[in-house]
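Report on the following structure.
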Amino acid sequence: MADDKKLPTRAADFSAWYNEVVLRSELADYSPVRGCMVIRPRGYGIWERMQRQLDTMFKDTGHENAYFPLFIPESFLKKEAQHVEGFAPELAVVTHGGGKKLEEPLVVRPTSETIIYAMYAKWVQSYRDLPILINQWANVVRWEMRTRLFLRTTEFLWQEGHTAHATPEEAEEETRKMLGVYRDFMESYMAMPVVTGMKSDAEKFAGAVRTYAVEAMMQDNKGLQAGTSHNLGQNFSKAFDFTFQTEAGGTEYAWNTSWGVSTRMIGGLVMTHGDDKGIQVPPLLAPIEVVIVPIYKADDERARMLEAAEKVRAELHAWERRAPGKLRVHVDKREGIKPGAKYYEWELRGIPIRMELGPRDIEKNQAVLVRRDTGVKTTVSLETIGEDVADLLHAIQDSMLTAARDRRESNSYRGEITYERFREIIEGPGGFVYAGWCGGAACEAAIKEETKATIRVLPDEEFRSAEPMKNCLKCGANAVFEALWAKAY
RNA sequence: CGGGGCGUAGCGUAGCCCGGUAGCGCGCCUGCUUCGGGAGCAGGAGGUCGCUGGUUCAAAUCCAGUCGCCCCGACCA
């Protein structure tokens, strides 16, 4: 009986654990349509906080929001050869509207490059109109063969930034800058460390000149591409005749970038921080940071405790911490549920701090704080509760990142490695393997075929090994790149 | 699309082989007692057994078909 309250363990079946924990923590639920999901308030609350923070970061880097339509003429998709080839298999196409067959089918956007650059072409005449720095928050649809809650669903929410520049240097700078924004967000807010780098040609976005990505390691040691930033060069501007007059008076195609992160990040959050008790939401993204569980026996005591809890809540709410924003506190006033049952429930939902407030505490003018991440209990005075809670939240945020980084590093493999050893790792415990690569597509494809591992990124300098790689993991020829290999979602 | 599994109350399931009017746990509702780690007792509500057809006096159970979902694999953020 107690067993059906327990989650499957990560060790026994990571995939079952993931599905259960997402459903039971009420982040999301399956929809009646195959491959689609409903994002429930507890999940959407996290998304809203992600959005708010990212949106601020985009604005701070000079971007504005706009909105482009859901429907794209089918012919637009076909204008960029690589792009259409990449997306054709997963398009949802509308053929009828208003009871009539449409003259031209409309594609439900899988991404918005085509419609956006078609519009930019219309808006830009001169280099003085550049750069254009626009972001949009939207839903997109990709008809995937196999879906998983948050990680890959038919429809998902994301943001897509689309910029246009007068020079390739500026476009490259923008591409790198936004990758940096993603990294900062993921580490500082999600407490999810990432490796940044460039994608191999085989893995890059359909239509991009170069794709950069941030890659995180999940607890099953698989990689998760958490965000991408593309330097599109002039591929789309040529396809859509997006030109501008240069300072010198000539005509040139614009240089574009696009970059995006999606609700997939929530899946990353779950698989980075979740444990066998449930999910763990880092304080900065938690819709509720502190849950107060009042403890009482008799009715009169109940009234007193609720009053005390409410008072503490108000005090915390009013407390201005270093970072702007109020402490987000919830009092669990439900009757007929024992405190212990509430503890389990809030642990499942990943609230960073639980505050237990009972008669014994009130007597001593104190409260008990319990960290979700470590389970450590501390007793603090109600006099300093605001500061203590804020400090603890800060500490939790930090230690979640540290724990995730330690886990990643202890499952990363560096240095010269034989292909046999590589296979042992990939087919056994999994993890990130940094190894030399000759740059040949044949070696890359063979390794993927034989081990299911792919090049996640060609890591940026800071993530590369101290000693340069000498030989290609597969063919033994001189290594041209150091590649990060892993199985991935 | 290939392989595997599953559709019985809100959730998890038993019953199916061997047809005979559907059971259990959790949850839910009411009341009393409880309440510092998943409460106890008593009473109660809730099911066209995924759908369609067939066999039969009789189908959750047997047969045929069909729909859906989940998991594993091939494609992808």
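Each chain gets a letter, A, B and so on, in the order the sequences are listed, and its residues count up from 1.
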So what does [X] hit on the nucleic acid, given a heavy-atom distance under 4.0 Å: a base, only sugar-phosphate, or nothing?
| X | answer |
| --- | --- |
| A:V261 | nothing |
| A:E347 | base |
| A:T111 | nothing |
| A:L151 | base |
| A:K452 | sugar-phosphate |
| A:F205 | nothing |
| A:Q225 | sugar-phosphate |
| A:T153 | base |
| A:R354 | base |

Using only heavy-atom distances, determine whether the side chains of [X] and [Y] contain a donor-acceptor pair under 3.5 Å.
| X | Y | result |
| --- | --- | --- |
| A:T114 | A:E80 | no |
| A:E85 | A:H83 | no |
| A:S258 | A:E113 | yes |
| A:Y489 | A:D220 | yes |

Provide, to the nearest angstrom, the distance between the [atom1] atom belonging to [X] and the [atom2] atom belonging to [N].
| X | N | atom1 | atom2 | answer |
| --- | --- | --- | --- | --- |
| A:E20 | B:C11 | CD | P | 13 Å |
| A:K222 | B:G73 | NZ | C1' | 11 Å |
| A:K364 | B:G36 | NZ | P | 16 Å |
| A:L23 | B:C69 | CG | P | 15 Å |
| A:K204 | B:C76 | NZ | C1' | 17 Å |
| A:E144 | B:A74 | CD | P | 14 Å |
| A:M145 | B:A77 | CE | P | 13 Å |
| A:R304 | B:G36 | CZ | P | 16 Å |

Partner lookup for [N], please. Criteria are Watson-Crick or G-U wobble with both distances under 3.5 angstrom; report none if nothing qualifies.
| N | value |
| --- | --- |
| B:C62 | B:G54 |
| B:C17 | none |
| B:C75 | none |
| B:G12 | B:C24 |
| B:G31 | B:C41 |

Select one nucleotide: of [options], the one nearest the side-chain heavy atoms of [X].
| X | options | answer |
| --- | --- | --- |
| A:Y296 | B:A39, B:G37, B:C35 | B:C35 |
| A:S15 | B:G38, B:A77, B:C71 | B:C71 |
| A:R264 | B:C75, B:A77, B:C35 | B:A77 |
| A:S262 | B:A77, B:G38, B:G36 | B:A77 |
| A:V370 | B:G36, B:G37, B:A74 | B:G37 |

Taking the [atom1] atom of each, how far is [N] from [M], in whole Å?
| N | M | atom1 | result |
| --- | --- | --- | --- |
| B:A59 | B:C51 | P | 15 Å |
| B:G15 | B:U56 | P | 28 Å |
| B:C49 | B:U21 | C1' | 13 Å |
| B:C26 | B:C16 | C1' | 24 Å |
| B:C29 | B:A9 | C1' | 15 Å |
| B:G44 | B:G25 | P | 14 Å |
| B:A22 | B:U48 | C1' | 14 Å |
| B:G73 | B:G65 | P | 29 Å |

Any [X] side-chain nitrogen or oxygen under 4.0 Å from OP1 or OP2 of [N]:
| X | N | result |
| --- | --- | --- |
| A:N19 | B:C71 | yes |
| A:K338 | B:G36 | yes |
| A:R34 | B:C70 | yes |

Distance to the ring centre below 6.0 angstrom and angle to the axis at most 45 degrees; does that hold for A:R408 and A:F432?
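So A:R408 doesn't make the cation-pi contact.
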Distance under 6.0 Å and angle within 45° of the ring axis: does A:R302 meet both against A:Y296?
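Yes, A:R302 sits over the ring of A:Y296.
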Which of parallel (below 30°), tilted (30 to 60°) and perpendicular (above 60°) describes A:W158 and A:F156?
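The rings of A:W158 and A:F156 stand perpendicular, inter-plane angle above 60°.
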Measure distances between side-chain N and O atoms of A:E345 and base N and O atoms of B:G37, and say whether any donor-acceptor pair falls under 3.5 Å.
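Under the 3.5 Å cut-off, the side chain and the base do not form any donor-acceptor pair.
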pi-stack flag for A:Y344 and B:G38, centroid dist under 5.5 Å, interplanar under 30°
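Whether judged by distance or by angle, A:Y344 passes, so it stacks on the base of B:G38.
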Do other residues, nucleotides or ligands put more than 12 heavy atoms under 6.0 Å from A:D300 CG?
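Counting neighbours around CG of A:D300, more than 12 heavy atoms of other residues, nucleotides or ligands fall under 6.0 Å, so yes.
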Donor-acceptor check, side chain of A:H63 to backbone of A:I132, threshold 3.5 angstrom: yes or no?
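Here the side-chain-to-backbone pair does not exist.
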Hey, which sits more toward the 5' end of RNA chain B by its nearest nucleotide, A:A206 or A:G340?
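Looking at the nearest nucleotide for each, A:G340 comes out on the 5' side.
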Would you kindly compare A:Y30 and A:R152 by the position of their nearest RNA chain B nucleotide and give the one closer to the 5′ end?
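Result: A:Y30.
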